[in-house]
Asks: 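After the structure tokens below, expect a handful of questions from me.
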Amino acid sequence: MRKFALLILLQFSMAAFCLAEDGGRLWLRYDKIEDAQKLDQYRAAVKGVLVEGSSATVAAIREELEMGLSGLLGESIPGLTEMQQEGTIVAGTPTSSPFIAGLGLDKRLEPLGEEGFLIQTGKFGGKKIILIAANRDIGVLYGAFHLLRYLQTNGDLGKLAVESAPKLKLRILNHWDNLDRTVERGYAGFSIWDWHRLPGYIDARYKEYARANASIGINGAVVTNVNANSLILRPDYLDKVRALADVFRPYGIRIYLTARFNAPMELGKLKTADPLDPEVRQWWKDKIDEIYTLVPDFGGFLVKANSEGQPGPQNYNRTHAEGADMLAQPLKAHNGVVMWRAFVYSGDVPVDRSKQANNEFVPLDGQFADNVLVQVKNGPIDFQPREPFHPLFGAMPSTPLMMEFQVTQEYLGQGTHLVYLAPMWEEVLDADTYAKGPGSTVAKVIDGSLEGHRLSGMAGVSNIGNDRNWTGHLFGQANWYAYGRLAWNPGLGSAEIAEEWIRMTFLNDPGSVEKIKSVMMASHEACVDYMTPLGLHHIMGAGHHYGPGPWVSRMSRPDWTSVYYHKADKEGLGFDRTPAGSNAVEQYFEPVRSRFASRESCPEKYLLWFHHVKWTDKLASGKTLWEALCLHYHHGAEAVNRMRTSWESLKGKIDEERFEQVDMLLGIQEKEAKWWRDACLSYFQTFSGMDIPDGLEKPAHDLPYYESLSFPYAPGIRPRW
Ligand code: GCV
């Protein structure tokens with residue numbers, strides 16, 4: 001009897017353990033709706049689901065709707081085989097569903113393209129139903145996720161009428177995942193791609209990954225690191241790629257690979273990788289044809305060439321356009337694309353690093369094949385906490401430019417800081433390049449509308465790993481989510497996206513939603529303040545990029561040091577990029593150029609990016625540069641303290657497990673924000689020679705202490721092959 005009781009107890013505690021909230025369900029939780037009124041409204045409106053058709057995507061739609069609705073409504077919502085009753089959700093295309101074909105929706109569906117959808121509640125065929133219609137199955141899947149999101153966020157069903165189509169064609173995650181499962185700049189464990197056990201073993205997470213991405217409209221994944229490994233192109237590895245592609249396909253995710261430029265030598269044993277060499281071109285053509293026999297919807301290649309040691313066409317005195325062409329021609333036959341990265345800077349540092357991409361790429365405008373996109377990081381240096389927009393946007397009118405955002409927080413607190421990145425992305429997307437006069441925003445450059453490009457895209461460097469909650473920090477999920485939503489529509493607001501995510505991930509109670517939203521919305525500015533205020537950049541620890549390192553001065557190349565970027569001296573601080581300095585401002589269109597070039601009109605948030613400013617110079621606030629710097633660093637650390645207090649006031653509202661996860665990390669962030677503040681101010685003080693103003697907390701340690709800290713095993717470091 002006792003044994004039996006123990007067994008029950010054990011089973012019970014195991015079940016409790018399995019049900020522990022670890023964040024693994026992401027924003028697709030589908031727990032029963034708590035608001036009783038909403039629940040009644042939804043239960044009255046939704047009685048069954050009719051999804052006709054037989055494709056794998058149709059099966060995914062059916063599964064998602066039945067599972068999602070049953071969970072949300074707390075009662076079984078059956079799948080139907082025919083139209084039976086009021087309250088049916090009918091989802092399909094005119095091809096898959098005779099009912100939808102009979103509605104004569106062609107005119108409304110046409111502008112929605114291959115991936116758009118419409119949702120409408122109303123009377124159709126005499127019955128009150130909810131309709132999800134699209135031209136293609138994948139559009140229906142996106143519509144299904146939209147409807148589920150609408151219910152998860154407690155939308156009003158009576159008002160539901162949506163027509164939505166993606167503004168960007170390619171919405172891609174870039175995984176910097178290595179074949180040994182380490183992840184460059186990854187802070188969420190190891191890679192989720194278990195290459196060793198593929199293709200025989202299909203981890204359940206692959207499907208979960210595809211579902212999560214489809215739910216936010218992501219339609220492509222580059223599964224290998226841009227610091228590429230030729231091995232991925234070997235037949236046995238390509239078969240592993242095929243297996244992944246098979247899992248992704250029903251969810252509309254096309255697979256892409258990174259191409260190592262000298263693969264014809266490393267793998268094909270050719271003597272050269274010269275892109276104009278006929279044998280080399282044939283090697284790539286054969287390889288590409290081979291890939292398509294395995295993966296008929298293969299998306300194409302992402303290439304990092306002649307950058308940070310990666311081989312490229314310049315090794316053979318060829319241009320980036322010639323290099324890209326070699327891949328683009330054979331890919332074109334299969335409807336594939338090349339995404340050629342503009343993150344290049346020369347080994348011998350000829351000019352200010354921020355100018356080099358424009359110098360190399362602008363002259364090539366018009367020379368790229370029409371299935372090539374040039375992929376440009378949001379700012380001209382490297383994913384810093386804040387950068388002005390990259391001057392390439394608008395400067396290559398004949399070439400489709402793709403945005404590259406970094407979702408993983410290499411420079412923004414890695415796996416421990418809560419930093420919601422969407423406000424930073426929004427700032428860049430909304431920036432006006434003036435390339436074709438006012439209103440030529442970065443968003444219009446990348447969605448192709450400024451120049452009428454057929455191809456358009458956005459890439460996000462993934463923050464996903466095999467941690468149970470996928471992203472290491474639970475709020476890293478918000479960045480993955482926001483990236484997908486912005487790739488679908490760069491015009492969405494970061495606050496609006498945050499609210500969706502909070503409601504789906506945590507709760508719908510308005511007071512708590514507001515609290516979490518204000519924590520998220522304050523977090524990016526806080527991070528900028530405690531790391532790199534007033535336009536400072538690239539002053540982090542060397543190699544791992546963890547923590548402060550403004551003193552870093554000895555590296556194999558000057559533009560990897562911090563002193564190269566902050567240029568602190570007895571006089572002042574900041575990089576002079578005006579015509580008197582490196583003249584990087586010349587790469588912007590007027591009036592942006594003059595605005596950045598003038599000390600008076602340069603926005604203070606970019607001040608030290610463009611100007612070397614005297615310590616004693618007064619800023620707009622009337623404070624000297626030194627005082628303002630101290631205040632920014634202190635405000636940043638104080639803001640984290642407020643974020644934590646605010647989060648702690650949510651105790652009891654959020655499940656204990658996720659509450660604690662975030663609380664512990666906010667504790668670390670609070671300490672690290674002070675560490676950044678104290679280390680940077682102690683260092684810059686050796687140049688300013690001024691005291692930290694009265695009333696501000698003084699550094700806890702002296703400068704040598706901060707300089708002595710070392711982190712040989714900080715995660716995410718680029719492996720040395
Ligand atoms: C993939 C930065 C990162 C590198 C990264 C590189 C890139 O330099 O530190 O890890 O390499 O950007 O974007 O190619």
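We're numbering straight along the sequence, starting at 1. Given the structure is predicted, the values throughout are model-derived calculations rather than measurements.
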Asks: Is there a donor-acceptor pair under 3.5 Å between the side chain of Asp203 and the backbone N or O of Tyr206?
Replies: no
Asks: Measure across Pro712 and Ile717 and return the closest heavy-atom pair with its distance rounded to 0.1 Å.
Replies: O-CD1, 4.1 Å
Asks: Quick one, Ser215 with Trp27, criterion side-chain hydrogen bond (donor to acceptor under 3.5 Å, both in side chains). Give me CA distance, side-chain angles, the key distance, then yes/no.
Replies: CA-CA 9 Å; Ser215 78; Trp27 49 87; 2.9 Å; yes
Asks: Mark yes or no for whether Thr224, through its side chain, and Leu257, through its backbone, hold a donor-acceptor pair below 3.5 Å.
Replies: no
Asks: If we count only N and O atoms by modelled type, under 3.5 Å, do the side chains of His701 and Tyr706 hold a donor and an acceptor together?
Replies: no
Asks: Would you call Arg205 and Glu208 a salt bridge, taking side-chain N to carboxylate O under 4.0 Å as the test?
Replies: no
Asks: Between Leu364 and Val374, does the side-chain contact (heavy atoms from CB on, under 4.5 Å) criterion hold? Intermediate values first, please.
Replies: CA-CA 11 Å; Leu364 300 177; Val374 170; over 6 Å; no
Asks: Atom NZ of Lys207 and atom CD1 of Ile202: how far apart are they, to the nearest 0.5 Å?
Replies: 12.5 Å
Asks: State whether the side chain of Ser562 and the backbone N or O of Gly549 hold a donor-acceptor pair below 3.5 Å, judged by distance alone.
Replies: yes
Asks: Could you tell me whether the side chain of His524 reaches within less than 4.5 Å of the side chain of Leu412, counting heavy atoms only?
Replies: yes
Asks: Look at the side chain of Glu410 and the backbone N and O of His545, then say whether any donor-acceptor pair between them is shorter than 3.5 Å.
Replies: no
Asks: Determine, step by step, whether Glu427 and Arg386 satisfy the salt bridge (charged side-chain N to carboxylate O under 4.0 Å, His left out) criterion, reporting the C-alpha distance in whole Å, the side-chain angles of both residues, the deciding distance to 0.1 Å, and the verdict.
Replies: CA-CA 10 Å; Glu427 185 173 298; Arg386 171 170 277 136; 3.0 Å; yes
Asks: Does His612 offer a backbone N or O that forms a donor-acceptor pair with the side chain of Lys567 under 3.5 Å?
Replies: no
Asks: Are His175 and Tyr209, when compared by the centres of their aromatic rings, separated by less than 6.0 Å?
Replies: yes
Asks: Evaluate Gln375 against Asn174 for side-chain hydrogen bond (donor to acceptor under 3.5 Å, both in side chains), listing each step before the verdict.
Replies: CA-CA 11 Å; Gln375 184 167 309; Asn174 287 185; 2.9 Å; yes
Asks: Distance to the ring centre below 6.0 angstrom and angle to the axis at most 45 degrees; does that hold for Arg577 and Trp609?
Replies: yes
Asks: Report yes or no: do Tyr564 and Arg557 form a side-chain donor-acceptor pair below 3.5 Å?
Replies: no
Asks: Would you check if there is a donor-acceptor pair between the side chains of His417 and Gln409 at a distance under 3.5 Å?
Replies: no
Asks: Please determine, by modelled atom types, if Glu308 and Tyr345 share a side-chain donor-acceptor pair under 3.5 angstrom.
Replies: yes
Asks: Under a 3.5 Å threshold, yes or no: a donor from one side chain and an acceptor from the other, between Arg185 and Gln414?
Replies: no
Asks: Between Trp501 and Tyr420, does the ring centre distance come in under 6.0 Å?
Replies: no
Asks: Using the side-chain contact (heavy atoms from CB on, under 4.5 Å) rule, take Trp480 and Leu26 through it: C-alpha gap first, then chi angles, then the decisive distance, then the call.
Replies: CA-CA 10 Å; Trp480 175 10; Leu26 294 164; 3.7 Å; yes
Asks: Applying side-chain contact (heavy atoms from CB on, under 4.5 Å), run through Ile381 and Tyr565 and close with a yes or a no.
Replies: CA-CA 10 Å; Ile381 296 292; Tyr565 294 98; 3.8 Å; yes
Asks: Verify whether one side chain among Asn213 and Tyr251 offers a donor that lies under 3.5 Å from an acceptor in the other.
Replies: no
Asks: With a 4.5 Å limit on heavy-atom distance, are the side chains of Val223 and Phe248 in contact?
Replies: yes
Asks: So which atom in Gly472 and which in Ala188 form the shortest heavy-atom distance, rounded to 0.1 Å?
Replies: N-CB, 3.4 Å
Asks: Begin with the C-alpha distance, continue with both residues' side-chain angles, and end with the deciding distance and a verdict on side-chain contact (heavy atoms from CB on, under 4.5 Å) for Tyr256 and Leu170.
Replies: CA-CA 11 Å; Tyr256 298 75; Leu170 309 179; 3.6 Å; yes
Asks: Can any side-chain N or O of Gln587 pair as donor or acceptor with the backbone N or O of Pro391 at less than 3.5 Å?
Replies: no
Asks: What heavy-atom pair brings Leu198 and Lys240 nearest, and what distance separates the two atoms?
Replies: O-NZ, 2.8 Å
Asks: Counting distance only, does the side-chain N/O of Trp470 pair as donor-acceptor with the main-chain N or O of Arg25 below 3.5 Å?
Replies: no
Asks: Are Tyr683 and His566 near enough that their ring centres are under 6.0 Å apart?
Replies: yes
Asks: Is there a side-chain contact between Leu536 and Leu573 in this structure, where contact means two heavy atoms from C-beta onward sitting under 4.5 Å apart?
Replies: yes
Asks: How long is the straight-line distance from CZ of Arg171 back to CZ of Arg254, given to the nearest 0.5 Å?
Replies: 11.5 Å
Asks: Answer whether the closest heavy-atom distance between the side chains of His196 and Tyr201 falls below 4.5 Å.
Replies: no
Asks: So Gln314 and Phe261, do their side chains get closer than 4.5 Å, heavy atoms only?
Replies: no
Asks: Between Glu266 and Arg260, is there a donor-acceptor pair closer than 3.5 Å when you use the side chain of the first and the backbone of the second?
Replies: no
Asks: Should we say atom CZ of Phe190 is surrounded by more than 12 heavy atoms from elsewhere, each under 6.0 Å from it?
Replies: no
Asks: Measuring from Asp177:CG to Ser462:OG, what's the distance to the nearest 0.5 Å?
Replies: 6.5 Å
Asks: Please check this pair: side chain of Glu657 against backbone of Asp22, looking for a donor-acceptor N/O pair closer than 3.5 Å.
Replies: no
Asks: Taking Asp559 first and then Arg353, would you say they form a salt bridge - that is, a charged N and a carboxylate O separated by under 4.0 Å?
Replies: no
Asks: How many angstroms lie between CG in Leu486 and OG in Ser494, if you round to the nearest 0.5 Å?
Replies: 8.0 Å
Asks: Which heavy-atom pair separates Ala422 from Asn479 by the least distance, and what is that distance?
Replies: N-OD1, 4.4 Å
Asks: Determine the interplanar angle of the Trp425 and Tyr483 rings, folded into 0 to 90°, and report it as parallel if under 30°, tilted if 30 to 60°, perpendicular if over 60°.
Replies: perpendicular
Asks: Nearest 0.5 Å please: distance from the CG atom of Leu681 over to the NE2 atom of His634.
Replies: 6.5 Å
Asks: Determine the minimum heavy-atom distance between Val442 and Met403, stating which atoms define it.
Replies: CG1-CE, 3.6 Å
Asks: Determine yes or no for a side-chain-to-main-chain donor-acceptor pair under 3.5 angstrom, with Trp193 supplying the side chain and Arg181 the backbone.
Replies: no
